[in-house]
Every structure is written in C-alpha cells, then in structure tokens.
Amino acid sequence: MPELPEVEITRRGISAHVTGRTVAAVEVREPRLRWRIPEPVRELVGRKVRAVRRRGKYLVLDCDDVCLILHLGMSGSLRVLPVGTPPQKHDHFDLVFHDCMLRLRDPRRFGSVLWIQGPEDGHPLLAQLGIEPLSDELDGARLHALTRGRRTSIKGFLMDGRNVVGVGNIYANESLFRAGIRPSRRAGSLSLERCTNLTRAIKRTLQAAISAGGSSLRDFVRSDGRPGYFQNRYRVYDRAGKPCRRCGASIRRAVQGQRATFYCPACQR
DNA sequence: AAATTCTCCTGAAGGC
DNA sequence: TGCCTTCAGGAGAATT
C-alpha cells in the first residue's frame with residue numbers, strides 16, 4: 001500500500017519522463033475514485049508539466065498555473081507507458097503526452113485525482129498536512145513538543161497526517177520497532193530522548209524503503225512496472241508469531257484503531 | 001479539541 | 001470445486 005516511500009519512488013520514476021512535456025490529452029475511463037475526478041482536469045491539455053513534487057502521500061504535478069494532484073490510495077500505481085497501450089482492468093485515468101503517457105491503475109479506487117488552480121497547498125485536502133518526516137523539520141525536539149499532552153497512541157499520532165505526513169501502517173510499525181517503542185504507548189509519555197530516537201528511526205526506515213524500491217504487497221509497482229522489495233525486509237509488519245529478528249521473541253499482533261499493529265513484546269516498551 | 005468509529009472498494013484467503 | 005464471508009487499508013467524515 002503506497003506510503004511515502006512508494007509515492008517517492010513513483011515520483012522519481014515519472015519525473016524525467018514528464019517534466020517539460022506538454023499534456024496532449026486527458027483520458028478518464030472511470031471517474032468514480034475516492035472523489036469523482038473533477039471535469040476541469042481536461043483543461044490540462046496544452047499545459048506543460050514544470051515539476052513533479054511530493055507532499056506526504058500526494059504527487060503534485062505543477063502544470064503552469066495549475067496543479068494536478070494524485071493520490072494512490074492503497075492499491076494505486078502510476079506507470080509510464082507508450083501512447084496507445086490498451087487499458088486493462090482498473091486503469092482509470094491517463095495523462096497523455098506526445099511520446100508517452102502516465103496511467104493510473106487502482107483496483108480499490110481509494111486513490112484520487114484532484115485539480116487546483118494555483119499552488120497545491122490551496123487545496124483543502126493538502127492545506128492541513130503536517131511535517132515532512134524526511135525534512136530537517138522533524139527532529140526529536142519538534143516531535144517532543146508536538147506530542148505533549150496527547151493521550152492518543154504514538155502509532156496513531158504518527159499515522160495522522162495532520163501531525164506527520166506519509167507514515168502509514170507499515171512504516172509506523174517498522175519505525176516503532178526500530179525505536180524500541182511499544183505502538184500503544186501514549187504519545188505524550190515519550191521522553192525527549194525517545195522522541196529523538198523515534199525521529200531517527202522514522203527517517204532510516206523510510207530511506208531504507210526508498211532504497212529498496214518501496215514495498216509491493218499486492219498492487220504496488222514502480223512506474224516501469226517492476227515491484228519494490230522492502231516487504232522482504234520487514235522486521236515486524238505481518239510477522240505475527242514469527243521470531244523477532246533482533247531477540248527471537250515471538251512477534252505479536254494487536255488491533256489498534258481498527259488497524260493491525262505488530263510489535264516485539266521484548267524489544268518494544 | 002481530541003479521540004474514536006464508520007465508510008468507500010476489490011481481491012485474496014479461509015471456511016464449509 | 002465453488003460459493004459465501006471476512007479482512008485489509010488511506011484518510012476524510014461523522015460521531016462521541
């Protein structure tokens with residue numbers, strides 16, 4: 001399921017293919033995604049892609065005075081294909097250029113295609129987003145300050161995009177294991193030292209996942225169709241009952257906020 | 001205000 | 001073999 005690493009991998013994969021290219025056509029085969037694809041998205045035709053950026057799990061294509069904003073939901077992928085490639089099942093949206101096209105496939109349709117005149121942070125869905133975890137903005141002191149007085153679990157806190165962006169279920173679990181912190185621990189109870197360890201764990205986890213091409217559990221593929229390999233390196237996610245790679249204890253599974261949580265009962269406190 | 005629950009969707013997996 | 005049920009998850013909306 002695309003989290004920050006998968007979106008970043010996608011951004012890097014498509015950037016060279018579309019930056020500087022002019023949109024030749026927009027093809028909408030299934031507008032019913034998380035939100036209906038807005039009709040004005042067709043006005044992109046004739047505009048040039050100036051840059052491909054990422055904000056949290058959103059991909060932002062700067063097209064002159066307009067932004068095309070894409071979200072991969074949990075089963076989305078974006079590929080670069082030759083113009084005219086026949087669409088397959090769940091291929092909902094194409095952004096066509098003269099010599100290639102971007103194609104969005106999303107079986108579960110939790111993704112979205114958004115459009116806004118002007119900068120992307122003017123969009124209501126992006127205006128309230130929290131800190132980019134790989135930026136210098138996220139450090140122990142900042143995390144410590146943000147979590148003061150918060151009674152929610154640290155895992156829930158990390159997964160809330162108003163606090164930190166891009167960290168979903170998989171990478172929250174993995175980061176907390178690296179930091180030796182129990183996912184259920186109250187966010188406000190973490191010391192400054194543990195917050196510092198946690199920010200380092202988050203950055204290392206995300207970077208390692210990016211280096212491995214992201215995680216491909218079911219649907220995710222890179223823009224060239226290849227899968228990522230980070231799922232083979234999970235330390236706790238989906239490893240219930242298996243031995244902890246650090247201490248050998250049996251990894252536990254719990255449910256927190258209707259989400260599967262995995263942790264080592266010995267390494268994480 | 002903050003925290004929790006519900007919701008969208010499809011395909012895989014499990015049960016009988 | 002095949003049908004039916006359950007589950008997974010990003011994140012906004014609704015609810016407490």
Side-chain angles (χ1 to χ4, degrees), chain A residues 1-11 29-38 54-60 69-78 87-93 104-114 116 120-121 123-133 145-176 183-189 206 209 214-221 227-228 230-231 234 236-241 253-262:
Chain A
M1 19 292 336
E3 300 183 27
L4 185 151
E6 291 73 32
V7 179
E8 178 62 21
I9 286 291
T10 301
R11 188 193 70 77
R29 278 178 292 272
E30 172 56 87
R32 296 173 302 166
L33 303 185
R34 176 78 201 268
W35 289 278
R36 174 167 276 268
I37 297 176
R54 179 187 57 75
R55 177 75 175 105
K57 296 176 191 170
Y58 290 94
L59 275 172
V60 180
I69 303 169
L70 304 171
H71 195 292
L72 300 178
M74 65 159 289
S75 61
S77 61
L78 203 55
Q88 294 180 272
K89 198 175 181 184
H90 307 306
D91 286 345
H92 308 309
F93 176 84
L104 176 70
R105 174 177 298 177
D106 185 4
R108 275 161 233 193
R109 290 169 33 207
F110 278 18
S112 46
V113 175
L114 309 165
I116 189 171
E120 83 279 2
D121 56 7
H123 197 286
L125 292 177
L126 283 75
Q128 305 298 324
L129 292 180
I131 307 175
E132 284 290 338
L146 283 173
T147 50
R148 291 313 86 186
R150 297 295 301 269
R151 298 174 62 82
T152 191
S153 68
I154 183 60
K155 178 169 177 255
F157 178 90
L158 292 179
M159 290 176 63
D160 187 333
R162 292 169 298 185
N163 304 133
V164 179
V165 293
V167 180
N169 200 33
I170 292 169
Y171 297 112
N173 277 299
E174 294 296 309
S175 298
L176 287 163
S184 56
R185 174 169 286 279
R186 283 185 183 177
S189 77
L206 296 175
S215 300
S216 292
L217 289 184
R218 279 207 182 118
D219 304 291
F220 179 75
V221 292
F230 195 69
Q231 66 277 9
Y234 291 162
V236 288
Y237 184 80
D238 208 18
R239 296 195 65 242
R253 179 186 194 278
V255 175
Q256 245 180 279
Q258 299 177 315
R259 288 291 176 266
T261 291
F262 301 91

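Throughout, a chain's letter reflects where its sequence line sits, starting with A, and its residues are numbered from 1. Only this structure's heavy atoms are used, side chains among them; waters, hydrogens and symmetry mates stay out.
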Over all strands shown, is G73(A) touching base, sugar-phosphate only, or nothing at heavy-atom distances under 4.0 angstrom?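 Here G73(A) touches the backbone only, sparing every base.
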With a 4.0 Å cut-off on heavy atoms, is Y237(A) in touch with a base, just the backbone sugar-phosphate, or nothing at all? sugar-phosphate
If I take atom [atom1] in residue [X] and atom [atom2] in nucleotide [N], what distance separates them, rounded to the nearest angstrom?
X       : N      : atom1 : atom2 : value
Y234(A) : dA8(C) : OH    : C1'   : 13 Å
Q256(A) : dT4(B) : CD    : C1'   : 13 Å
F157(A) : dT4(B) : CZ    : C1'   : 17 Å
R32(A)  : dC9(B) : CZ    : P     : 8 Å
E30(A)  : dC9(B) : CD    : P     : 10 Å
Q231(A) : dA8(C) : CD    : C1'   : 16 Å
R148(A) : dA2(B) : CZ    : C1'   : 16 Å
D106(A) : dC9(B) : CG    : P     : 12 Å

Using a 4.0 Å heavy-atom cut-off to protein, can you give one letter per nucleotide of nucleotides 11-16 of chain C, 5' to 3': B if the base is in contact, S if only the sugar-phosphate is, - if neither? BB----
Nucleotide by nucleotide, nucleotides 10-15 of chain B touches protein heavy atoms under 4.0 Å in the pattern (B base, S sugar-phosphate only, - none) BSS---
So, does R150(A) get its side chain near the phosphate of dA3(B), meaning an N or O under 4.0 Å from OP1 or OP2? yes
Would you indicate whether the side-chain heavy atoms of [Y] and [X] approach each other to under 4.5 Å?
X       : Y       : result
R105(A) : V221(A) : no
K155(A) : N169(A) : yes
I131(A) : L146(A) : yes
P133(A) : V165(A) : yes

Would you name the heavy atoms of [X] and [Y] that are closest together and state the gap between them?
X       : Y       : answer
K57(A)  : L4(A)   : CG-N, 4.1 Å
R34(A)  : F110(A) : CB-O, 3.5 Å
P183(A) : S153(A) : O-CB, 3.4 Å

Classify the ring geometry of F230(A) against Y171(A): parallel below 30°, tilted from 30° to 60°, perpendicular beyond 60°.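 Plane angle between 30° and 60°, so tilted.
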Spell out, as yes or no, whether a donor-acceptor pair under 3.5 Å connects the side chain of E174(A) to the backbone of V236(A).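 Answer holds: yes.
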